[in-house]
Asker: 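Got a structure for you, questions after.
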Amino acid sequence: MQAMAATSSSASRACAASSPSLASLRRHVTLCSSSSTPPSSLSRCPVAGAGAPVLPLGIRGGRMLVPSPLLGKSGAAARKTAVVTAAAASPPADGGGGGGKADSAAAGISRTLQLGTMILVWYLLNIYFNIYNKLVLKAVPFPYTITTFQFASGSFFITLMWLLNLHPKPRLSLGQYAKILPLALVHMMGNVFTNMSLGKVAVSFTHTIKAMEPFFSVLLSVLFLGETPSLLVLGSLLPIVGGVVLASMTEVSFNWIGFWSAMASNLTNQSRNVFSKKLLADKEETLDDINLFSIMTVMSFLLSAPLMLSVEGIKFSPSYLQSTGVNLQELCIKAALAGTCFHFYQQVSYSLLARVSPVTHSVANCVKRVVVIVSSVLFFRTPISPINALGTGVALAGVFLYSRFKKAKPKAKTA
């Protein structure tokens, strides 16, 4: 019995030398399951569970799949099962494979729908603005006064937008205001010239003349943006100019003041578009398209008010309107609707300008002319001769060719 006890004691000491004791094993398990143990200690734990170590970067899932001898599979089969399970549980990489292409296609469709909706709203607001504005100009032919009221209406909506925090208020320096001031000046003059033309000639003829905007857009883009048009683009401008000349020769309501006012409106509006695009593209500036248009509108109101007082005085008064026999309530409603449509169609136009090039914006603007011309002819029953219709059609066909050639042309290099 003593020999057997000695033998058992020797075996126990040998086992203790080759493997950890039961107490040591208990301490090790307690250490691994403790939540307060630092990561350096957790990394020594071989157990995958609640206290599993944080995996190094590049390993997904946060758990190490450990082969179990209870599965009854060989080591290779177990490793294969672990790899397949990890691959199934791991999410696909972002931007890779067909998922990235599908996301890109969905983003392209979403952007196209957004631009299409903006263009549709732009067209509808412009149609109603031209109709109501023409009715107001017929009753009170004061383009400076009406332009000032339209900018006042826009300033009211802009102030309301900032007060209700519908859009962040801009914080600009004096240098930034100095850069916007010339844009506000040409913006104001462009709308004055448009109202002068609408007051003298038919709406359809004003927009036929304004179909020459691509000509001024190309000219100003060459001078200030360094873009070089192709021969096809330059050739497409010929039917535009020729069609406008042909329509002007046969226009029933032709008036030189209305004609040159529309031409001046083309020059000023395209100058505003080109310079605004250049300002929005400046990385040093922090203005977005809405705030840029809003500041321009408020500045235009401040510039147009003294101009109105010096040129036309205060004529848009209730006493004057009653002396002319105009229905004051009806006129005020039409003027309010014209001012509302004016502000929002301009804002949509400016938001669209921030998303497309000046030339593309000009082409969309020319397509808008078609819609406005047709709607105004139907509403006002404007008489149009066959030659006049031919000239308008040739000009609009030139606009279509211009847009096609501009799309086919590779992106121009800027200086």
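Below, all heavy atoms of this structure are taken into account, side chains as well, without hydrogens, waters or symmetry copies. For this chain, numbers begin at 1 and follow the sequence in order.
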Asker: Do M189 and V186 make a side-chain contact, defined as non-hydrogen atoms from C-beta onward lying under 4.5 Å apart?
Answerer: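 They are not in contact (no side-chain heavy atoms under 4.5 Å apart), so the answer is no.
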
Asker: Taking C-beta and beyond as the side chain, do F193 and T268 meet within less than 4.5 Å on heavy atoms?
Answerer: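 Side-chain contact under 4.5 Å: yes.
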
Asker: What orientation do Y345 and F342 show, parallel under 30°, tilted 30 to 60°, or perpendicular over 60°?
Answerer: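 Perpendicular: the ring planes of Y345 and F342 meet at over 60°.
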
Asker: Please examine the side chains of M299 and L183, heavy atoms only from C-beta on, and report whether any two atoms are closer than 4.5 Å.
Answerer: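 No - every pair of side-chain heavy atoms lies 4.5 Å or more apart.
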
Asker: Testing S265, S261, S197 for side chain to side chain donor-acceptor pair (under 3.5 Å) with T206, which one passes?
Answerer: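 The residue from S265, S261, S197 that satisfies side chain to side chain donor-acceptor pair (under 3.5 Å) with T206 turns out to be S197.
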
Asker: May I ask you to test the K368-V372 pair for a side-chain heavy-atom distance under 4.5 Å?
Answerer: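 Of all side-chain heavy-atom pairs linking V372 with K368, at least one is under 4.5 Å.
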
Asker: Are F293 and H343 close enough that their ring centres sit under 6.0 Å apart?
Answerer: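 For F293 and H343, the ring centres are under 6.0 Å apart.
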
Asker: Could you state the interatomic distance from CD (Q150) to CE (M188), rounded to the nearest 0.5 Å?
Answerer: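 Taking CD in Q150 and CE in M188, the distance rounds to 13.0 Å.
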
Asker: Got N133 and L198 here, is their nearest side-chain heavy-atom distance under 4.5 Å?
Answerer: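 The answer is yes; the side chains approach within 4.5 Å.
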
Asker: Looking at M296 and A184, what are the two nearest heavy atoms and their distance?
Answerer: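 Scanning both residues completely, I find the closest heavy atoms to be O-CB, 3.8 Å.
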
Asker: Is any side-chain heavy atom of F216 less than 4.5 Å from a side-chain heavy atom of N269?
Answerer: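 Side chain of F216 against side chain of N269, heavy atoms only: no contact under 4.5 Å found.
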
Asker: Does any part of the side chain of F259, heavy atoms only, come nearer than 4.5 Å to the side chain of I209, both counted from C-beta?
Answerer: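 Yes, close enough: below the 4.5 Å cut-off.
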
Asker: To check you understand the geometry: which heavy-atom pair defines the closest contact between A262 and K210, and what is its length?
Answerer: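 Of all heavy-atom pairs spanning A262 and K210, the closest is O-CG, 4.1 Å.
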
Asker: Can you find a heavy atom in the side chain of T297 that is under 4.5 Å from one in the side chain of S155?
Answerer: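 Side-chain contact under 4.5 Å: yes.
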
